[in-house]
Amino acid sequence: MMTTRVDFYQLSRDPVDVTVAKLARKVLQAGERLLVVSGDPGQRDHLAKTLWEQGGAAFLANGMAGGPHETRQPILLSETCAAPNEARMALIADGAWREEVLGFDRVLLLFDAAQRDAAADLWRRFAKDDGVDNRIHKQDESGAWREGA
């Protein structure tokens, strides 16, 4: 049976775009590809711009699903959970859980204070599911993410 690791990231100090850029950089440094999922086209556009504007050689190359060369993109932004770039990691930027991501090896779920109750319900559900390895990450005052409560 395949186990999916689901990492919960409660946004507090940094906004979504900064957090996506930090996590995307780590994914690429690990030699992986990433699918960033958001149902909000404005958010996807903003995230794409943020990733490209990281500065100098540090930019994070990305493209939109359905666009040219989508299969070659190291970071693909999409409305759906389909990964034509063959990503095995998905990041949910809009905080809205989608069951389809359980087909990925690892899922990074970002959520804010308004989505906290839904995230807690999902956490409790996964705590009873042997097919999910769920973990929580919180940000400290310096901006570093730490696993655990």
Side-chain angles (χ1 to χ4, degrees), residues 1-48 50-51 54 60-67 69-149:
M1 177 163 117
M2 182 182 133
T3 300
T4 299
R5 177 173 162 175
V6 179
D7 293 281
F8 289 72
Y9 286 86
Q10 183 172 349
L11 299 172
S12 55
R13 180 180 176 270
D14 291 338
V16 170
D17 58 350
V18 172
T19 303
V20 168
K22 284 181 180 180
L23 295 173
R25 182 170 314 286
K26 289 183 179 278
V27 169
L28 295 184
Q29 287 171 344
E32 299 288 336
R33 289 178 175 228
L34 181 66
L35 177 70
V36 177
V37 181
S38 173
D40 179 350
Q43 183 181 49
R44 289 193 306 272
D45 289 341
H46 177 72
L47 290 173
T50 299
L51 293 169
Q54 290 298 295
L60 297 168
N62 68 88
M64 292 288 175
H69 313 293
E70 69 178 358
T71 59
R72 296 183 4 210
Q73 298 297 337
I75 303 170
L76 189 65
L77 293 103
S78 180
E79 178 180 11
T80 71
C81 299
N85 67 341
E86 299 182 359
R88 297 303 312 142
M89 294 181 69
L91 185 153
I92 299 177
D94 63 7
W97 180 254
R98 295 145 174 93
E99 290 298 316
E100 302 87 0
V101 293
L102 289 175
F104 286 82
D105 294 341
R106 187 170 176 191
V107 180
L108 312 172
L109 173 64
L110 308 187
F111 66 97
D112 60 19
Q115 297 160 321
R116 188 179 186 288
D117 289 344
D121 289 344
L122 191 60
W123 175 271
R124 284 189 287 276
R125 183 184 122 199
F126 288 157
K128 300 174 191 172
D129 187 337
D130 291 338
V132 177
D133 174 12
N134 55 329
R135 303 174 190 208
I136 186 79
H137 300 267
K138 294 189 179 175
Q139 201 169 28
D140 65 22
E141 302 77 33
S142 69
W145 287 94
R146 305 280 181 230
E147 185 177 335

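FYI, the numbering just counts along the sequence from 1. Only heavy atoms go into these numbers, but all of them, side chains included; no hydrogens, no water, no symmetry mates.
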More than 12 foreign heavy atoms under 6.0 Å from [atom1] of [X]: is that the case here?
X      : atom1 : answer
Glu99  : CD    : yes
Arg72  : CZ    : no
Arg116 : CZ    : no

Shortest non-hydrogen separation from [X] to [Y] and the atoms involved:
X      : Y      : result
Trp145 : Gln10  : CH2-O, 3.3 Å
Gly148 : Lys138 : O-CG, 4.3 Å
Glu100 : Cys81  : CB-CB, 3.7 Å
Ala90  : Val101 : CB-CG1, 4.2 Å
Gln115 : Gly95  : NE2-CA, 3.4 Å
Val20  : Ala93  : CG2-CB, 4.3 Å

Legend entry - Thr4 side chain to Phe104 backbone, donor-acceptor under 3.5 Å: yes

Legend entry - Donor-acceptor contact below 3.5 Å, side chain Asn62 vs main chain Leu60: yes

If you measure from [atom1] on [X] to [atom2] on [Y], what distance do you get to the nearest 0.5 Å?
X      : Y      : atom1 : atom2 : result
Glu141 : Gln139 : CD    : CD    : 9.5 Å
Asp7   : Ile136 : CG    : CD1   : 9.0 Å
Ile75  : Met89  : CD1   : CE    : 11.0 Å
Ser78  : Leu76  : OG    : CG    : 6.0 Å
Asp112 : Ser12  : CG    : OG    : 10.5 Å
Thr3   : Asn134 : OG1   : CG    : 11.5 Å

4.5 Å side-chain heavy-atom contact, [X] and [Y]:
X      : Y      : value
Ile92  : Leu108 : no
Leu110 : Leu91  : yes
Leu35  : Val37  : yes
Val132 : Leu102 : yes
Glu79  : Arg44  : yes
Arg13  : Asp140 : no
Asp17  : Leu51  : no
Leu109 : Tyr9   : no

Legend entry - Exercise: do Glu70 and Asn85 side chains pair donor with acceptor under 3.5 Å: no

Inset, instruction - State, without any angle test, whether Ser38 and Asp40 hold a side-chain donor-acceptor pair at a distance under 3.5 Å. - result: no

Basic-acidic side-chain contact under 4.0 Å: [X], [Y]:
X     : Y      : answer
Asp14 : Lys22  : yes
Arg5  : Asp133 : no
Glu32 : Arg25  : no

Inset, instruction - Report yes if the distance between the aromatic ring centroids of Trp97 and Phe8 is under 6.0 Å, otherwise no. - result: no

Inset, instruction - Applying side-chain contact (heavy atoms from CB on, under 4.5 Å), run through Val16 and Gln43 and close with a yes or a no. - result: CA-CA 9 Å; Val16 170; Gln43 183 181 49; 3.6 Å; yes

